[in-house]
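In what follows, every chain begins at residue 1, and chains take the letters A, B, ... in the order their sequences are listed.
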Number of protein chains: 2
Amino acid sequence: MTTNAQIKQDFIQGMSGISQFWGFPKALGAIFGALYLSSAPLSLDELVEGTGLTKGAISTNVRALTRMGLIHPVTKLADRKDYYEAETDFYKSVQVMLQGRQNSEFDRAIHSVRETLEQLEAGAGSFDKKERAFLIERLQALQEFFNAIDSVTRAISKLDRLGIHTVQSVIKILK
Amino acid sequence: MTTNAQIKQDFIQGMSGISQFWGFPKALGAIFGALYLSSAPLSLDELVEGTGLTKGAISTNVRALTRMGLIHPVTKLADRKDYYEAETDFYKSVQVMLQGRQNSEFDRAIHSVRETLEQLEAGAGSFDKKERAFLIERLQALQEFFNAIDSVTRAISKLDRLGIHTVQSVIKILK
DNA sequence: TAATTTGTTTAGTAAATACTAAACGTACTA
DNA sequence: TAGTACGTTTAGTATTTACTAAACAAATTA
């Protein structure tokens, strides 16, 4: 016989796996899973209980989840504890994550390519004419690709409302 | 004064960083960078020379890059060495990667959710009516989200030709 | 068959990462 | 002011991962 706790635990375990497949800590997925299955916001101690992780792990991963927009802090009056609840609009979280990832790191990639490109165009090095032209062409192509990705993520993150309807209309275009 | 080798090395270093930002081995990015800056296909030993990695590392990462469609093996007649050249159509690589990632692991995520959902719908556990309805609703929402992602990636990977024009028309929709 | 040239695999290592356990800080309460 | 109830931070550990070095396999040539 499968108990209620076991069913929930299986799901939490599954989310844990999904999390690490996408390159996030397992604990992060587990915590989200626990919150997602709860109709009421949960405190840190309740999350310790529900996931089997320590308070430290919960504390750091709860912060990460909040930054991603996947959960939200909830305050109860006359209660010092912090409570958290799961965001149910995943598309909203996608936007938050794209915005975050955007600024920090992807720009560095583009920047790195542009730097090399500018050097070449300024005549750095002693490449013969033909090779310089070849290198410039390749780097420009790469830069354009990065810019395209950048445009898409920017467009998505700036939408007023991303949802199933937007996704469906995109799919329609792709056919 | 910046030498030709230094300029290339800087770029290779940059690609190495981009690679690890996207969750791939640094060596993978470095190898691609070296090939991308070469007008002629390169052998393993030339890649050892160009990247400073050992033959073993080159061997394994070259295989990974080939699977991703980011580079291609090239055979020269009457030459036992394996040569590789960079794919210059990045959109094509995106398709290859989506196809690969598709089958293996994402399905497991969807499967895990469906499993829990089916259990609940079959009456497993001893949840009261209200909670069971709540859980089923949440899991259905999650499943729909996963399905939407799945649809998008499937649609992209099945396009005859993905390119800058497709990307642009998608962006237009998003505005 | 022996020797050489190639790519692959394996065993070991170094580095990064995520977690635990416990100390710490802070703010409310008696 | 001492005590308690929280959340955060830190120090240490275990696990994973990517790499090196070297053994190995396979296939050509002498």
What is the distance, to the nearest angstrom, from the CG atom on A/Asp79 to the C1' atom on D/dT4?
15 Å
Nearest to the side chain of B/Thr54, which nucleotide is it out of D/dT20, C/dT20, D/dC6?
D/dT20
What is the separation between atom CG on A/Asn61 and atom C1' on D/dT9, rounded to the nearest whole Å?
14 Å
Under 4.5 Å between side-chain heavy atoms, counting indirect links through other Ile/Leu/Val/Met/Phe/Trp/Tyr residues: same cluster for A/Ile71 and A/Val74 or not?
no
Any base atoms under 4.0 Å from B/Ile58, or only sugar-phosphate, or nothing? Heavy atoms, all strands.
nothing
Would you kindly give the CD-to-P distance between A/Gln20 and D/dA14, to the nearest whole Å?
20 Å
Any carboxylate oxygen within less than 4.0 angstrom of a Lys/Arg side-chain nitrogen, looking at B/Arg154 and B/Asp150?
yes
Comparing nearest nucleotides in DNA chain C, the 5'-proximal residue of the pair A/Gly23, A/Gly56 is A/Gly23
From the candidates C/dC19, D/dT8, D/dT20, the one with an atom nearest any side-chain atom of B/Leu53 is D/dT20
OP1 or OP2 of C/dT8 less than 4.0 angstrom from a side-chain nitrogen or oxygen of B/Ser59, does that happen here?
yes
d(NZ, B/Lys81; P, C/dT6) in whole Å:
4 Å
Taking C/dC28, C/dT9, C/dT20 as options, the one with an atom nearest any side-chain atom of A/Arg80 is C/dC28
Would you indicate which nucleotide in C/dC19, C/dG7, D/dC19 comes nearest to any side-chain atom of B/Pro25?
D/dC19
Whole angstrom is fine here: how far is it from CG in B/Leu47 over to C1' in C/dG7?
13 Å
Nucleotide D/dA5, atom P - distance to OH of A/Tyr83 in whole Å
14 Å
Output the rounded distance in Å from CD1 (A/Ile31) to C1' (C/dC19).
11 Å
Close side-chain approach of B/Pro25 and B/Asn61, heavy atoms under 4.5 Å
yes
Minimal heavy-atom distance between B/Leu117 and B/Gln140, with the atoms involved, is CD2-CG, 3.9 Å
What does B/Lys55 touch in the nucleic acid at a heavy-atom separation under 4.0 angstrom: a base, only the sugar-phosphate, or nothing?
base
Interatomic distance, A/Lys76 NZ vs C/dC28 P [rounded to whole Å]
19 Å
So that I can tick it off, tell me whether A/Glu131 and A/Arg138 are bridged by a salt bridge, with the cut-off set at under 4.0 angstrom between side-chain N and carboxylate O.
no
